[in-house]
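Proteins come first, then strands; the chains are lettered A, B, ... in the order of their sequence lines, and each starts at number 1. For clarity, every value in this text was computed on a predicted model and none was experimentally measured. Quick note: numbers below take in every heavy atom, side chains included, and nothing from hydrogens, waters or symmetry partners.
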Amino acid sequence: MNELTHIAPARLPPQATFAVRTSRWVRQSMFPSVGHSLLTLVVLALLAWCIPKALNWLVLDATFVGSTRDACNPHAACWLPVIERWNLFVYGFYPEAQRWRVNLAFLLAVGAFVLLFFKRLDRRALLAYLVMLPLLMWWLLKGGAGLPGVSSTQFAGMTVTVMLGTIGMIFALPLGILLALGRRSKKPVIRLLCVLYIELVRSVPVISLLFMASLMIQLFLPPGVAFDILLRVQVVLILFTAAYMAETVRGGLQSLPKGQYEAAQALGFGYWKTMGHIILPQVLRQTIPPLLTQFIGLFKETTLVMVVGVLDIVGIASSTAASAEWAGHDHEIYIFLALYFFIICFALSRYARHLENHLEHDRS
Amino acid sequence: MNIANHTDVGPVVRIENLNKWYGQTHVLRDISLSVAPGEKLVICGPSGSGKSTLIRCINQLEQHQQGTIEVLGQALDGKRLEQLRRQVGMCFQSFNLFPHLTVLKNCTLPQTANLGVPVAEAIERALQLLDKVKMRDHANKYPSQLSGGQQQRIAIARALCMQPRIMLFDEPTSALDPEMIAEVLEVMTGLAEDGMTMICVTHEMGFARKVADRVVFMDGGEIIEQAPPSEFFHSPQSPRTQRFLNQILNHGAQPA
């Protein structure tokens with residue numbers, strides 16, 4: 001019995017002190033060979049040269065206080081155009097008394113991501129929140145039903161970007177899923193329609209779709225009937241993103257083993273129950289990272305609405321850079337713009353990474 | 001547990017002149033077969049003989065082109081398939097548990113979603129059946145944390161949760177390591193002792209000998225021979241059966 005159950009005692013791996021580990025890391029990752037050592041030195045020298053310069057220009061010598069261009073330090077960045085026009089960047093031409101509505105809408109959008117972090121949350125409550133969010137946002141921002149209406153021409157800046165991005169994300173995903181399912185449908189008419197739609201949209205640049213939405217739709221409508229321009233670009237962005245998402249989801253559907261479909265069928269699941277309970281939960285888990293990448297893409301594509309006359313944050317930036325008041329400060333303005341998009345997109349991509357780890361962890 | 005009703009007079013499965021083609025390939029040829037309530041049928045034959053296709057036709061995972069299949073007195077015509085499948089349990093070679101659900105949820109979801117069983121009742125029934133396959137302690141794990149034999153036992157419990165009147169087994173032990181085959185066969189033997197109607201495609205001749213009421217031998221899409229196990233193993237009639245038995249019994253993977 002002893003012979004059978006005896007197992008050699010487990011041992012811990014050898015430990016090295018911090019100093020030993022550090023010196024090993026430096027040697028192995030920074031100076032493993034002559035070529036690498038040279039490269040390391042060159043990069044370090046470059047960093048040593050440009051980081052202080054950049055810091056000085058961007059922050060240390062830069063101007064943060066003042067109200068006109070005369071207050072600017074001519075040899076460093078001047079952030080006054082951004083600071084002075086901050087409200088314009090964020091709220092656009094939204095009536096000042098109504099800005100709380102924009103703030104609330106932003107909060108609701110951020111809330112969606114925060115809620116997704118909590119694993120234990122009831123899935124139905126989360127879904128209800130996500131379904132309600134775009135409707136709430138639209139109602140809050142555009143008004144109606146108790147709130148004073150705000151014209152689309154007063155929309156600009158981050159309000160436009162965040163609104164188009166968030167509402168676009170929430171509507172594009174379900175539509176993309178339906179298109180993906182349709183493309184794999186056994187019914188030829190549905191399949192053909194979905195293939196046609198997906199391929200057509202994917203082979204046209206989004207900018208031309210936006211032009212079509214802003215110019216051509218008007219031609220087909222009876223005179224006097226007009227769709228809100230914001231609604232039109234929102235719809236275009238949703239339809240465009242959905243086509244791409246459909247392809248991502250379809251890839252996920254195809255990679256799922258056939259046995260999953262068969263097991264579900266054998267247990268008496270119908271088509272929608274099979275999809276809803278068995279297939280889509282697995283596919284969506286797999287495709288969360290590429291889907292979030294597409295969301296990031298959508299977020300950046302919202303800037304294209306500028307070409308049809310909707311002033312998003314890029315539009316505000318351009319008009320600021322072109323204004324007589326702040327002419328000559330386009331560097332700062334566009335650096336700010338880059339930072340704004342970087343922060344949001346980087347956060348989204350970290351978030352995708354987190355979800356990915358989370359889901360992998362879940363399953364093993 | 002719901003056990004096949006022995007007061008039923010007619011056969012639970014009746015197949016007549018079944019023909020099936022994949023493209024031009026004729027995979028099932030004039031199959032006629034009927035299974036009585038409570039009967040244990042083992043179908044064997046070389047690979048590609050159409051035995052898996054045959055039992056997949058019984059719950060219509062495969063569609064046939066000619067002939068009739070009657071299950072529980074109802075002819076299969078492509079309608080009301082879900083109702084039929086809820087009464088016919090199936091176990092697959094590759095288990096096909098749902099990897100995103102816990103063991104318990106694998107067993108309760110089909111009941112709640114398809115039979116409308118209340119959650120508490122579904123859990124109770126699931127735990128009872130998991131207990132029967134000795135997997136109750138693993139109820140909160142995910143399938144990927146379990147061995148193949150354990151997964152297959154759960155797959156059996158999951159199918160039984162639907163309280164099926166017939167159980168189909170499609171090579172349930174072919175994907176398993178030798179030491180796990182026994183535990184799955186044990187569960188299947190227990191099920192047979194409870195009186196379940198079973199149709200098993202398997203190469204486990206020891207199981208066939210012990211449990212089957214009748215062994216069906218298929219080759220080239222045809223039923224070549226069918227007989228009770230004692231007769232089938234001792235005095236096979238057809239030379240093809242003899243050759244098959246020779247190959248499989250001398251291979252050393254026998255008997256369990």
Aromatic ring pairing A:Phe240/A:Tyr244, orientation class (parallel under 30°, perpendicular over 60°, tilted between): tilted
Greater than 12 external heavy atoms within 6.0 Å of A:Phe18's CZ: no
Cationic N near anionic O, under 4.0 Å, B:Glu183 to B:Lys134: no
Pairs satisfying ring-ring contact (aromatic ring centres under 6.0 Å, His included), at least one member in residues 154-177 of chain B, at least two apart: none
Side-chain (A:Gln234) to main-chain (A:Leu164) donor-acceptor, under 3.5 angstrom: yes
Which of B:Gln60, B:Gln83, B:Arg86, B:Lys141 touches chain A most, by non-hydrogen pairs under 4.5 Å: B:Arg86
Selection from B:Cys91, B:Pro110, B:Pro143, B:Ala159 maximising heavy-atom pairs under 4.5 Å formed with chain A: B:Pro110
Region of B:Asn114 in contact with chain A, defined by heavy-atom distances below 4.5 Å: both
Contact residues of residues 247-276 of chain A (partner chain B; heavy-atom separation under 4.5 angstrom): A:Gly259, A:Gln260, A:Glu262, A:Ala263, A:Ala264, A:Gln265, A:Ala266, A:Leu267, A:Gly268, A:Phe269, A:Gly270, A:Lys273
Whether A:Tyr351 side chain and A:Leu292 backbone form a donor-acceptor pair below 3.5 Å: no
Members of residues 174-196 of chain A whose heavy atoms come closer than 4.5 Å to chain B: none
When B:Arg56, B:Met90, B:Gln93 are compared by non-hydrogen pairs under 4.5 Å with chain A, the top option: B:Arg56
Short side-chain to backbone donor-acceptor contact, B:Gln111 and B:Val117, under 3.5 Å: no
Under 3.5 Å donor-acceptor, A:Gln294 side chain and A:Thr241 backbone: no
Side-chain H-bond candidate by donor/acceptor type, B:Asn140 with B:Thr102, under 3.5 Å: no
Region of B:Leu97 in contact with chain A, defined by heavy-atom distances below 4.5 Å: backbone
Salt bridge (charged side-chain N to carboxylate O under 4.0 Å, His left out) partners for B:Arg85, two or more places apart: none
Interface moiety of B:Phe98 toward chain A, non-hydrogen atoms closer than 4.5 Å: both
